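One structure is given here, and the rest of the page talks about it.
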2 protein chains.
Amino acid sequence: MSEIYTSIPLGDGSTHAHTSTWVASTLRQEIAEGRLLPGSKLSEQALSNALGVSRNTLREGFTLLDSDLIISRIPNRGVFVASPDAADIREIYAVRRTIEPAALAWGPKLDIDELSRIIGHARAAAETENIALMADANQQFHETIVRATGSAHLLELMSRVLAKMRLVFHAMSDAPDFHSHYVSRNGALVDLLNTGQRMEAADTLQVYLNTAEAELLEHYESSQPR
Amino acid sequence: MSEIYTSIPLGDGSTHAHTSTWVASTLRQEIAEGRLLPGSKLSEQALSNALGVSRNTLREGFTLLDSDLIISRIPNRGVFVASPDAADIREIYAVRRTIEPAALAWGPKLDIDELSRIIGHARAAAETENIALMADANQQFHETIVRATGSAHLLELMSRVLAKMRLVFHAMSDAPDFHSHYVSRNGALVDLLNTGQRMEAADTLQVYLNTAEAELLEHYESSQPR
DNA sequence: AAAACACATATTGTTCAACAATCTTTCCTG
DNA sequence: CAGGAAAGATTGTTGAACAATATGTGTTTT
């Protein structure tokens with residue numbers, strides 16, 4: 001069990017600009033790429049040893065990550081990699097259902113060409129059945145949508161939410177291939193946008209998000225019987 | 001200059017559940033109520049003394065506040081109460097223009113009665129020309145709108161944004177009375193909602209937000225000549 | 001054998017003191 | 001008066017220590 005930590009590459013001897021920031025981004029990456037699975041406990045002593053930083057600095061890193069939604073901190077119990085439940089899935093989609101259609105409908109900086117480009121990559125990934133690439137493209141697609149709002153804070157919230165989405169998929173490793181559905185749906189959105197039907201695109205995206213939420217919830221409930 | 005800190009009430013001797021959390025919320029309150037003005041430097045030594053906590057714990061509190069947008073942390077320079085500039089105002093309104101109209105148009109938990117109630121309080125405050133109460137009512141009004149999305153994260157982002165809005169007003173203490181305008185505008189919104197015209201309310205709110213942003217920016221530019 | 005309790009152990013929460021790294025101020029020199 | 005070096009102050013980070021809380025173990029009790 002403690003072997004988990006040995007896989008974490010230590011930082012080189014050089015001094016990092018902000019150690020706590022470096023700690024946070026390192027852990028973020030470990031979690032995003034599935035090397036630290038949902039539910040894992042992040043022991044302070046073990047981690048501070050593995051990363052070569054003091055417990056105090058590690059705790060600052062934890063505090064930074066806490067707002068990232070990907071860890072859950074339980075007082076006097078410790079820090080764990082978040083393992084999203086049904087409520088989290090609903091929360092994620094409540095956020096997305098608000099921000100993304102609004103960005104499509106009213107965002108002042110909508111970049112349809114960039115969206116088309118991403119669709120192209122997604123289609124290529126779909127042909128070779130490369131799920132990881134499709135997931136990346138999907139994430140980029142939705143980040144680009146949010147970028148239309150012109151708000152850095154909304155973009156940040158969106159990447160946090162999408163990071164948590166990845167945890168959902170890591171926790172449901174037996175999930176069917178949702179991503180290939182997304183490719184064609186995203187393509188239909190771009191078609192609507194290309195003909196200037198932004199409001200219709202917003203409505204359609206809402207339908208898509210509702211569908212995706214229902215699909216995920218169904219799979220979660222069935223794979224997580226109580 | 002150091003007298004600023006003496007005004008901060010110390011915590012009682014009792015142990016706080018999470019000291020860093022307590023530190024953060026204490027500072028948040030001090031800033032929100034204008035006892036710590038934009039631009040003030042928050043010295044680690046002075047503050048840790050005044051609050052009766054160690055520098056380490058204070059730093060954890062800083063890290064918590066950092067995601068609240070109301071402080072700015074400059075590496076090796078220190079922590080300052082944020083003093084919003086034109087870009088911040090634009091960012092605030094980019095967020096609000098996205099979230100709030102979406103909440104009005106599509107939010108599944110829109111509570112029109114609660115909005116009417118808040119309008120009542122705002123009108124009462126307007127009659128007695130109590131600006132603080134009007135500001136409070138305005139904040140509640142817009143938080144209630146966002147609550148319609150059903151998302152705790154969006155609500156949290158909104159309160160952060162509104163907290164930063166308060167800093168804008170603190171920084172422009174010579175600002176004219178914007179709030180009384182808001183009261184009647186919010187009233188018009190509720191009228192639209194009461195007749196079931198949610199989309200029209202969303203559009204109207206967007207116009208209002210654009211107007212308010214322009215007013216604030218104009219006042220900022222003129223009062224902050226370079 | 002199962003449940004309940006007490007004790008020992010491990011982990012987290014917080015403080016303190018120290019030092020390195022960086023910024024700020026002062027003062028000296030040209 | 002400008003430029004720059006030295007002194008001073010502040011932040012960034014560490015390690016050790018201790019209190020508070022949670023976990024685990026073993027014994028007793030029924």
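None of these values were measured; they are calculated from a predicted model. Here is the naming used below: chain letters follow the sequence lines, and residue numbers restart at 1 for every chain.
Mapping Arg77(A) and Asn76(B) onto DNA chain C by nearest heavy atom places Arg77(A) at the nucleotide closer to the 5' end. Judged by closest nucleotide on DNA chain D, Gly78(B) is the one of Gly78(B) and Pro75(A) placed further toward the 5' end.
At dC23(C), none of the side-chain N or O atoms of Lys41(B) fall inside 4.0 Å of OP1 or OP2 (strictly under the cut-off).
Side-chain contact between Glu213(B) and Arg90(B) is present, with heavy atoms from C-beta onward closer than 4.5 Å. The shortest distance between side-chain heavy atoms of Arg97(A) and Asn210(A) falls below 4.5 Å. Between Val168(B) and Asp88(B) there is no side-chain heavy-atom pair separated by less than 4.5 Å.
Counting to the nearest Å, the C1' atom of dT13(D) and the CD atom of Gln45(B) are 17 Å from each other. When the C1' atom of dT11(D) is taken as reference, atom CD of Glu60(B) falls 17 Å away, rounded to whole Å. Rounded to an integer number of Å, the gap from CD of Glu44(A) to C1' of dA17(D) is 15 Å. Computed from coordinates, the Trp22(B) CH2 to dT14(C) P distance equals 12 Å when rounded to whole Å. Residue Leu51(A) contributes atom CG, which lies 14 Å from atom P of dT13(D) at whole-angstrom precision. What separates CD1 of Ile74(A) from C1' of dT12(C) is a distance of 12 Å, to the nearest Å. Here the C1' atom of nucleotide dT13(D) and the NE2 atom of His18(A) are 12 Å apart, to the nearest Å.
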Below 3.5 Å is the cut-off: list the nitrogen or oxygen pairs between protein and nucleotides 15-20 of chain C, distance only.
unit_1	atom_1	unit_2	atom_2	d
dT15(C)	OP2	Ser54(B)	N	3.2
dT15(C)	OP2	Ser54(B)	OG	3.1
dT15(C)	OP2	Thr57(B)	OG1	2.3
dT15(C)	O4	Asn56(A)	ND2	3.4
dC16(C)	N4	Asn56(B)	ND2	2.6

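Other residues, nucleotides and ligands place more than 12 heavy atoms under 6.0 Å from the CD atom of Glu33(A).
Contact record, Ala102(B) with Trp106(A): N-CZ3, 3.6 Å, taken as the closest heavy-atom pair.
Not less than 6.0 angstrom separates the ring centroid of His142(A) from the ring centroid of Tyr182(A).
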